[in-house]
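Since the structure comes first, as structure tokens, the remarks are kept for the end.
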Amino acid sequence: MIYKHANVKNSKRYQRKVLGLKAEVSCVFVMDRIILHVDLDAFYASLEELRKPEIRGKPVVVCVYSGRTEESGAVATSNYLARELGIRAGMPIAYAKRAAKGHDVVFLPTDLDYYRETSERIMELLEEHADRFQQVSIDEAYLDVSETCRGDYGCAEKIAQEIKQEIKVQEGVTCSVGIGANKYVSKMAGKRKKPDGLTMVLPGTEADFLKDLPVGKLHGIGGKTEAELEDLGIKTASDLAGYSLNTLEEKFGKNKAKLLRDKSLGIDESPVEQKEKQQLSRIATLKQDTSDAGEAFVKVKELAEDLQKRLINAGTSFRTLTLITINNRLGMQTRSQSIEASTDINAQLPILENMLKKFLNDDPTPLRRIGVKVSNLSYRKQEKKQKTLADYGL
DNA sequence: CGACGTGTAAC
DNA sequence: CCTTTTACACGTCG
């Protein structure tokens with residue numbers, strides 16, 4: 001038995017089977033996969049409630065303060081009570097305060113170290129239940145249980161229940177789990193019931209499960225694409241599924257058209273695998289807008305310092321350096337330059353300084369935010385080292 | 001093709 | 001008057 005995307009050579013089950021079959025190797029069975037998506041519910045807010053019993057039962061809003069004024073910044077996560085007031089992730093804090101007026105809402109700053117620490121323990125716990133594992137963010141992961149469950153969705157459901165129970169008991173937080181035949185379907189399944197949900201989409205029922213969803217709710221389709229689809233009269237997943245592929249290709253190009261069609265039907269072949277980071281970046285809001293290169297460069301040096309630490313932790317060199325600027329009208333621009341592989345950003349500071357000067361010369365619109373990115377990374381091959389924070393870049 | 005800049009999307 | 005970090009696709013240029 002061979003599983004799609006299974007590491008065939010290392011699979012004991014495969015070796016047994018092949019050795020047993022000997023001559024029959026040319027006949028290959030491809031087993032459908034079973035994937036779990038686990039999403040920790042309102043993670044930051046839940047952790048704050050966990051350690052601050054006095055705020056439980058209240059709307060809680062965890063914020064990223066930019067430091068510009070007392071209240072400027074955005075919402076990182078809100079708990080479900082706050083969401084009832086319309087307070088959502090990404091919303092400017094000023095708007096959230098307006099929505100909170102007259103209610104007993106708790107506003108807190110993020111404590112990323114605390115969240116990361118807890119996340120790391122939970123991810124380790126999750127990984128133990130998976131044949132293949134992929135952490136996608138601080139609060140989300142995919143688990144491939146194809147080999148363990150061998151097509152048995154009851155088995156997958158049992159694993160999901162165990163996971164939910166363990167996380168609840170050991171860490172005191174809830175999660176929502178989606179189960180499906182691929183990553184995309186498991187993700188969409190998990191969204192169906194939150195918080196503390198468990199939703200399974202059996203193979204063959206994907207299109208039916210998705211059919212009434214507005215296209216903007218499909219993972220990977222955002223506001224822009226939603227608007228373009230709307231122009232074609234496409235509102236729901238089933239509209240999209242029934243739409244002429246030719247016409248989609250004319251509007252979106254072959255690749256994106258295929259992607260859209262797949263999303264409408266619940267098709268996704270991408271494997272569950274932990275990927276190496278391809279870029280590292282830091283961006284920050286300036287205390288005040290400036291078109292003075294010297295002033296902005298002070299911040300660049302700070303950010304570079306920080307990136308340098310992460311670079312060393314990750315054990316990688318970079319070949320491309322990018323200066324990111326966001327002006328006071330919130331337009332983003334980038335200037336990048338490729339160099340000989342380097343492991344030391346500080347040695348490349350003059351390059352950043354030049355890019356910044358040149359940039360402000362061409363366009364002196366005052367900058368609001370500034371950032372640095374390194375990409376084109378190559379990892380030093382390393383002896384099997386301990387799994388550390390840096391491994392997942394959290 | 002590689003380098004560079006932008007746009008979209010998700011967290 | 002609005003965060004941060006990452007991925008990836010696409011257009012363009014030389």
Side-chain angles (χ1 to χ4, degrees), chain A residues 37 39-44 61-78 88-98 109-110 112 115-116 119 134-141 183-184 187-188 190-191 215-229 252-260 263 270 275-286 288-289 303 306-307 310 314 319-339 355 359 362-363 366 368-377 392-394:
Chain A
H37 179 262
D39 192 328
L40 303 169
D41 298 319
F43 188 49
Y44 296 178
V61 184
V62 182
C63 303
V64 180
Y65 291 96
S66 67
R68 160 159 292 224
T69 71
E70 198 68 13
E71 304 286 74
S72 65
V75 173
T77 313
S78 54
R88 301 248 137 67
M91 178 181 272
I93 295 169
Y95 297 4
K97 294 257 162 157
R98 217 173 300 155
T110 55
L112 284 171
Y115 311 149
R116 277 188 201 124
S119 166
Q134 178 179 4
Q135 182 176 351
V136 289
S137 73
I138 193 165
D139 64 354
E140 252 180 77
K183 290 203 284 186
Y184 170 69
K187 169 86 186 177
M188 293 306 301
K191 289 211 244 188
V215 287
K217 287 274 162 58
L218 303 180
H219 186 247
I221 298 184
K224 303 283 182 172
T225 310
E226 180 180 27
E228 288 182 276
L229 289 170
F252 296 100
K254 231 172 175 10
N255 286 338
K256 189 157 183 192
K258 166 91 162 70
L259 203 78
L260 290 171
K263 291 198 179 298
S270 67
K275 294 178 197 152
E276 275 179 331
K277 263 206 197 345
Q278 309 194 21
Q279 56 181 232
L280 295 172
S281 67
R282 270 290 261 129
I283 189 164
T285 304
L286 297 164
Q288 51 180 36
D289 297 354
L303 297 175
D306 209 88
L307 272 185
R310 292 208 275 149
R319 278 208 51 228
T320 305
L321 208 49
T322 304
L323 181 77
I324 304 162
T325 55
I326 291 140
N327 62 30
N328 58 5
R329 297 195 300 263
L330 299 179
M332 183 193 301
Q333 278 139 323
T334 61
R335 288 289 175 274
S336 65
Q337 194 174 318
S338 292
I339 55 170
M355 288 196 286
F359 176 78
D362 295 351
D363 175 9
R368 179 188 176 89
R369 307 171 62 211
I370 196 158
V372 181
K373 171 167 89 170
V374 291
S375 53
N376 235 316
L377 306 181
Y392 294 124
L394 303 172

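Throughout, protein chains are lettered first and strands after them, A, B, ... in sequence-line order, and every chain is numbered starting at 1.
Comparing C:dC2, B:dA3, B:dC11 against the side chain of A:R319 picks out B:dA3 as the nearest. Ranking C:dT3, C:dT5, B:dC4 by closeness to the A:A74 side chain, first place goes to C:dT3. The nucleotide whose nearest atom lies closest to any side-chain atom of A:A94 is, among C:dT3, C:dC2, C:dT5, C:dC2. The nucleotide whose nearest atom lies closest to any side-chain atom of A:T285 is, among B:dA9, C:dT3, B:dC4, C:dT3. Relative to the side chain of A:D139, the nucleotides B:dC11, B:dT8, B:dC4 differ in distance, and B:dC11 lies closest. In this structure, of B:dA10, C:dT6, C:dT3, it is B:dA10 that holds the atom nearest to the side chain of A:K187. When the nucleotides B:dA3, C:dC10, B:dG5 are ranked by their closest atom to the side chain of A:T334, B:dG5 comes out on top. Nearest nucleotide to the A:R335 side chain, out of B:dT6, B:dC11, C:dT6: B:dT6. Residue A:S338 has its side chain nearest to B:dA3 when only C:dC8, B:dG5, B:dA3 are considered. Closest to the side chain of A:S281, out of C:dC2, B:dG5, C:dT5, is C:dT5.
Looking at heavy-atom distances under 4.0 Å, A:I221 makes contact with sugar-phosphate atoms alone, never a base. Residue A:L40 is classed as having no contact, given no heavy-atom separation below 4.0 Å to the nucleic acid.
OP1 or OP2 of B:dG5 lies within a sub-4.0 Å distance of a side-chain N or O belonging to A:S336. Of the side-chain N and O atoms in A:Q278, one or more sit less than 4.0 angstrom from OP1 or OP2 of C:dC8. At C:dC10, one or more side-chain N or O atoms of A:N255 fall inside 4.0 Å of OP1 or OP2 (strictly under the cut-off). Taking only side-chain nitrogens and oxygens, A:R68 never comes nearer than 4.0 Å to OP1 or OP2 of C:dC2. Listed pair A:R310 / C:dT6 meets the phosphate criterion, a side-chain N or O lying under 4.0 Å from OP1 or OP2.
Rounded to an integer number of Å, the gap from A:L321 CG to B:dC4 P is 10 Å. Between the CG atom of A:D306 and the C1' atom of C:dT4 there is a distance of 12 Å, rounded to whole Å. Regarding A:R368, its CZ atom lies at a distance of 10 Å from the P atom of C:dC1, rounded to whole Å.
The 5' end of DNA chain C is approached more closely, in terms of each residue's nearest nucleotide, by A:R369 than by the other of A:Q279 and A:R369.
A:R319 places a side-chain N or O within donor-acceptor distance of the main-chain N or O of A:I339, the cut-off being under 3.5 Å. In terms of modelled atom types and a separation under 3.5 Å, the side chain of A:S119 and the main chain of A:I138 share a donor-acceptor contact. Side chain of A:R369 to backbone of A:L330: no donor-acceptor contact under 3.5 angstrom is found.
The existence of a salt bridge linking A:R335 and A:D362 is excluded, since no basic side-chain nitrogen approaches an acidic carboxylate oxygen closer than 4.0 Å. Under a 4.0 Å N-O distance rule, the pair A:E226/A:K217 does not qualify as a salt bridge.
Judged purely by distance below 3.5 Å, without hydrogens or angles, the side chains of A:S72 and A:S66 pair a donor atom with an acceptor atom.
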